[in-house]
Amino acid sequence: MSKRIVVDPITRIEGHLRIDVEVDGGKVTKAWSSGQMWRGIETILKGRDPREAWLFTQRFCGVCTTVHALASVRAVENAVGLEIPKNAQFIRNLILAAHAMHDHIVHFFHLSALDWVDVVSALKADPKATAKLAQSLSDWPRNSEQEFKAVKEKLATFVDKGQLGIFNNGYWGHKAMKLSPEVNLMAVSHYLQALDYQRTANQVVAILGSKTPNIQNLAVGGVANAINLDCESTLNMNTLYKIKDLLSEMGQFIQDVYLTDVCAIGAMYPDWLGYGAGVTNYLAVPDMPLDGAMTAFDLPGGTIMNGDLSTIRPINRLDDEYFGKNVTESIAHSWYEGAEERHPYQGETNPAYTEFQDDGKYSWVKSPRFDDKVMQVGPLAQVLVGFQQGHAPTVKWASWALEKASAVAGVNITPSMLHSTLGRHAARAIRCAIISELALKHWGLLVENIASGDLTIFNEPEFKGHQEGFGCHEAPRGTLSHFVVIDDGKITNYQAVVPSTWNAGPRDGKNRPGPYESSLVGNPIADPERPLEVLRTIHSFDPCLACAVHAFDPDGKELGSVRTL
Amino acid sequence: MDAKKTLRDEAAQALDHPIGRRNFLKVITAAAAAVGLSSSVAVKMAEAAAAGLKPSVIWLHFQECTGCTESLLRTSHPDVAEVILDLISLDYHETLSAAAGHQIEASLHQAMEQHKGKYICVVEGAIPEKDGGIYCKIGDRTALDILNTVAADAGAIVALGSCASFGGIPASPPNPTGATGAPMILKDKTVVTIPGCPANPYNFLGVVLQYATLGTLPELDQKGRPKFAYGRTIHEDCPRRAHFDAGRFAQMYGDEGHMQGYCLYKLGCKGPATHANCSIQHFCEVPGAWPIGIGHPCVGCTEQQLAFRVPLHDTVDIERPTPPDTYPPILANDSKVSPLATAVGGLVAGAAIGAAVVQSRRLDKEDTND
């Protein structure tokens with residue numbers, strides 16, 4: 001007989017997510033994903049100055065901070081046909097790279113690791129054996145016996161006091177926890193160290209973005225960071241080298257700790273390479289532009305269908321209609337009224353809450369579809385699309401990671417095994433290493449451009465009559481696109497199609513479940529009272545629900561067609 | 001004002017010198033009363049501290065973006081590990097707690113029972129009131145319901161960020177969900193507000209650590225904002241202020257004035273009307289990291305009337321468009337500090353006593369706001 005389990009709230013994510021599963025014979029047979037909060041920020045944008053839309057859209061989310069600011073300025077620049085200075089593009093790239101590093105590190109260590117790592121078990125670890133194990137995995141200088149001993153003592157003191165705080169009622173001792181005390185102690189130590197390094201990455205964002213979360217250095221037409229090597233109040237050689245040092249520090253942590261731990265811990269849970277595939281159609285767009293007009297990119301995009309890498313269809317230009325024309329959104333099971341399936345340019349709908357209906361409406365999230373297919377977006381899509389196109393940094397870091405994991409697991413792990421819960425974690429760490437490498441490259445491009453004598457940072461936008469456009473960004477959680485319509489310098493319509501909307505959406509008009517829902521089916525549930533396995537698969541997507549839930553324009557005005565430079 | 005100052009001094013003295021428990025309790029009880037807390041709360045806090053218990057924190061997430069939690073991850077003194085492991089017991093937090101679903105609900109109820117009347121309730125995000133509050137639900141309960149329940153037995157309530165303080169971005173016109181701030185719902189309670197988008201984490205830590213250490217709250221203004229952080233406008237302590245006074249402005253990003261680090265007022269900087277300490281307390285441990293510091297105008301994110309309401313490039317009114325017509329000498333001829341200079345120094349420290357007419361007028365605005 002099947003049993004219904006409701007997990008609400010799903011914690012260690014951004015936002016308010018409820019997951020329902022039906023379990024039969026120890027396995028999930030059916031799942032529902034439900035976004036539980038709505039704010040209507042796109043409605044708030046109507047009538048405002050497009051030059052400040054990014055300040056609003058960035059507040060979709062403080063975890064994916066920066067990404068909605070970037071997509072927004074790109075959308076408005078696209079609408080007015082504006083090329084930005086190279087310096088501005090490279091400064092934006094450095095911010096997006098540093099933010100992605102922070103985001104991925106926090107996601108693995110602070111939002112996901114506790115699904116796999118038993119904190120209490122670490123108290124039984126031998127620090128010497130832990131050091132030996134950790135040193136066999138990487139050359140990280142802080143993998144010392146002294147470090148592990150100190151962390152174990154700190155943990156023991158904490159637990160003895162009896163106030164477990166964020167660790168209270170965790171899944172300690174759960175049957176699905178498989179790591180040895182030593183691996184657990186290593187991971188807990190790295191959890192604490194990662195708190196330092198996510199801050200390091202953020203300092204790069206802050207130096208350029210002025211603060212984080214919610215950077216405040218962008219402008220439609222460029223950036224507000226004045227560059228003057230002869231002034232202390234502007235971006236100068238001192239600040240540029242501070243950025244380079246911080247980026248280099250990040251590179252080492254990402255390779256020696258983050259990517260290494262994901263490979264090692266993943267290899268100790270080989271079963272989870274077989275669970276959680278769900279939807280195996282993948283979508284990614286290109287990013288890290290190399291010029292001001294966004295015609296060449298350092299990160300490739302494309303689609304892959306049915307888990308078959310040979311179906312790769314590259315998307316390496318933003319004016320590729322393959323992307324622009326194929327997106328629709330369904331509200332068949334979402335708390336809105338209106339036509340069930342529409343192109344995002346034709347957004348309409350008013351909120352229409354109904355309580356949770358299993359076969360009716362049950363979420364504030366909508367269901368985007370690509371060429372009438374359910375798609376998965378995120379690092380796994382990014383890595384598979386890059387790998388299949390022979391993108392050098394992707395091939396390099398994916399091969400590095402697969403070799404490392406294969407060595408620990410004692411079996412050969414291939415790219416095709418990445419269609420899984422663990423594959424999403426591995427791909428995220430691989431993507432982080434790629435971005436870390438490219439960040440240093442783009443730092444060099446910025447310095448080189450400044451050295452050439454170009455100090456420009458801003459081209460003034462001109463607004464007149466009817467203008468419309470879209471901006472894409474391949475964000476940490478996947479493909480993000482913003483659409484804007486401007487009339488006489490005022491926003492008349494605004495739409496965002498967001499990564500977590502692609503992944504977290506409910507069933508569509510044809511009752512096809514979304515990626516979260518599909519990926520849960522078949523997952524084992526050892527203890528229905530403590531459904532840890534649900535968290536494992538859901539966390540592997542890095543949910544961000546504030547982003548995923550956004551409003552349509554209540555007046556149902558058409559957004560028009562995509563226009564590119 | 002003077003009475004409160006005395007209490008604060010007493011509290012400081014109490015920490016500096018060994019005194020009996022009774023005296024200590026007396027001090028913090030009086031100090032707590034001065035900011036609207038019941039004396040029993042302060043006593044409980046002091047007892048908990050004496051027993052080695054960390055204060056329990058219940059952190060509620062509503063219509064938010066988690067940006068204020070994220071901002072806390074950027075701190076280094078104390079860093080977030082020290083805060084959540086050693087200084088407070090973060091008993092309910094949706095972003096960081098290991099437990100989910102029924103397990104975290106159990107943690108919430110456990111903390112509310114065990115620490116009844118003592119726990120700190122932190123609110124992040126606005127609360128939607130429209131349509132019965134259906135626009136934000138957790139565990140099938142509305143944000144509105146959860147806030148009222150948890151706040152009822154809290155020892156102190158802190159609204160973190162502009163959304164929790166006054167509605168913030170979801171409440172900007174046309175406010176589709178009827179979003180509002182915690183103080184507007186908890187009308188009968190003292191709610192400390194830490195506006196900002198996100199709030200500067202040190203303003204939050206300053207409040208929580210004082211409560212955890214002394215059982216008291218810092219002095220607040222009428223909007224519930226701690227005076228240590230929101231007592232002055234950004235303009236007053238802005239490092240570009242000299243350029244404003246001298247009439248040197250950036251007119252466009254990348255122009256000569258912008259490249260010289262001149263004042264950003266004409267680009268729409270809201271610093272003259274924004275009460276916040278960003279110009280002094282920079283972000284992410286990076287000296288110079290704050291909007292004006294890198295060349296972008298302040299958007300007034302801590303002010304209900306400015307943030308997400310007044311357009312980015314619109315300028316705000318200047319209360320005092322011209323500098324005073326007399327300045328104190330920096331050094332008097334006889335190398336002694338002049339009486340006038342002393343008065344100005346006193347003003348800067350916030351003690352407006354016996355100052356010259358021109359200078360005392362400069363504080364009028366702050367006084368009325370407080």
Side-chain angles (χ1 to χ4, degrees), chain A residues 7-12 14 16 36-41 43-44 49 51-52 55-56 59-63 65 110 114 158 163 165-171 192 195 198-199 202-203 206-207 210-214 216-217 219 222 224-226 228 231 233-234 353 456-458 530 535 546 551, chain B residues 53-54 63 65-67 70-71 73-74 76 79-81 84-85 89-91 93-101 103-104 106-107 131 134-140 169-170 172 174 176-177 197-198 252-254 258-261 283-286 289-291 293-296 299 308 311-312:
Chain A
V7 188
D8 180 13
I10 294 279
T11 54
R12 283 181 282 126
E14 195 298 320
H16 302 292
Q36 291 280 313
M37 189 271 276
W38 182 73
R39 288 175 297 174
I41 290 178
T43 310
I44 291 168
D49 184 341
R51 292 177 300 174
E52 63 174 3
L55 283 170
F56 287 77
R59 271 81 183 178
F60 283 159
C61 183
V63 174
T65 176
H110 309 117
L114 302 182
F158 174 78
Q163 286 182 286
I166 58 169
F167 301 114
N168 194 34
N169 287 339
Y171 303 92
L192 295 173
L195 283 171
Q198 60 83 26
R199 190 168 58 226
N202 269 318
Q203 290 186 326
I207 290 171
S210 87
K211 65 189 176 75
T212 169
N214 295 344
Q216 202 166 312
N217 73 312
N225 307 81
N228 181 356
C231 182
S233 314
T234 55
Y353 186 69
T456 53
I457 53 163
F458 177 69
R530 299 165 83 204
L535 296 179
Chain B
L53 277 179
K54 293 174 286 187
Q63 274 182 312
C65 71
T66 314
E70 279 277 349
S71 79
L73 289 180
R74 274 69 158 167
S76 74
D79 68 34
V80 69
I84 63 178
L85 296 179
S89 185
L90 191 53
D91 291 331
H93 190 294
E94 285 185 51
T95 319
L96 293 172
S97 291
Q103 283 75 41
I104 194 171
S107 293
D131 300 330
I134 52 145
Y135 298 102
C136 181
K137 281 188 161 185
I138 299 129
D140 217 28
I169 194 162
S172 49
T177 61
C197 194
M252 189 192 280
Y253 299 135
H258 194 237
M259 286 177 71
Q260 294 300 330
F283 292 89
C284 306
E285 317 294 320
V286 180
W290 67 296
I294 62 98
H296 194 282
V299 299
F308 314 115
L312 170 60

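Both backbone and side-chain heavy atoms feed into the values below; hydrogens, waters and symmetry mates do not. Proteins come first, then strands; the chains are lettered A, B, ... in the order of their sequence lines, and each starts at number 1. Owing to the predicted nature of the structure, the values given are computational and were not obtained by experimental measurement.
- The part of A:L535 that comes within reach of chain B is its side chain, from C-beta onward, which places non-hydrogen atoms under 4.5 angstrom from that chain.
- Residue A:I207 touches chain B through both its backbone and its side chain, counting heavy-atom pairs closer than 4.5 Å.
- Between the A:Q163 side chain and the B:K54 main chain, a donor and an acceptor come within less than 3.5 Å of each other.
- A donor-acceptor contact shorter than 3.5 Å links the side chain of A:N228 to the backbone of B:M259.
- Listed options A:L195, A:N202, A:V7 were ranked by heavy-atom pairs under 4.5 angstrom with chain B; first place goes to A:N202.
- Looking only at heavy-atom pairs under 4.5 Å with chain A, the residue among B:G261, B:A106, B:G254, B:A99 that has the most is B:A99.
- Highest contact tally toward chain B, considering only A:L192, A:I44, A:I10, A:T234, is held by A:I44 [criterion: heavy-atom pairs under 4.5 Å].
- Contacts of A:L114 with chain B are made by side-chain atoms alone, with heavy-atom separations under 4.5 Å and no backbone atom involved.
- Scored by the side-chain contact (heavy atoms from CB on, under 4.5 Å) test, A:A206 finds A:T212, B:C284, B:V286, B:A289 as partners (sequence neighbours excluded).
- When B:G293, B:A98, B:S172 are compared by the number of non-hydrogen pairs under 4.5 Å with chain A, B:A98 comes out ahead.
- Of the listed residues (B:P174, B:G67, B:S97), the one with the most heavy-atom contacts under 4.5 Å to chain A is B:S97.
- The closest donor-acceptor contact from the side chain of B:E94 to the backbone of A:P9 lies at 3.5 Å or more, if one exists at all.
- The aromatic rings of B:Y135 and A:W38 sit tilted relative to each other, their planes meeting at an angle between 30° and 60°.
- A:E14 places no side-chain N or O within 3.5 Å of a backbone atom of A:C61 that could act as its donor or acceptor partner.
- Note on A:N217, A:D49, A:N168: by heavy-atom pairs under 4.5 Å with chain B, the leading option is A:N168.
- How far CZ of A:F60 is from CD1 of A:I41: 6.0 Å, rounded to the nearest 0.5 Å.
- B:D140 touches chain A through backbone and side chain together, each having a heavy atom under 4.5 Å away.
- Put simply, the side chain of B:E70 never gets that close to the backbone of A:G62: no donor and acceptor are under 3.5 Å apart.
- With a threshold of 4.5 angstrom between heavy atoms, A:Q198 approaches chain B through side-chain atoms but not through N, CA, C or O.
- Within the 4.5 angstrom heavy-atom criterion, atoms from both the backbone and the side chain of A:L55 approach chain B.
- Heavy-atom pairs under 4.5 Å with chain A were tallied for B:V80, B:L85, B:D91; the largest tally goes to B:L85.
- For B:H296 (side chain) and A:A219 (main-chain N/O), no donor-acceptor pair under 3.5 Å exists by modelled atom type.
- Proximity to chain B (any heavy atom under 4.5 Å) is shown, for A:F56, by both the backbone and the side chain.
- Options A:Q36, A:H110, A:Q216, A:K211 differ in how many heavy-atom pairs under 4.5 Å they form with chain B, and the most are formed by A:Q216.
- Under the 3.5 Å distance criterion, the side-chain polar atoms of B:H93 are left unmatched by any main-chain donor or acceptor of A:I166.
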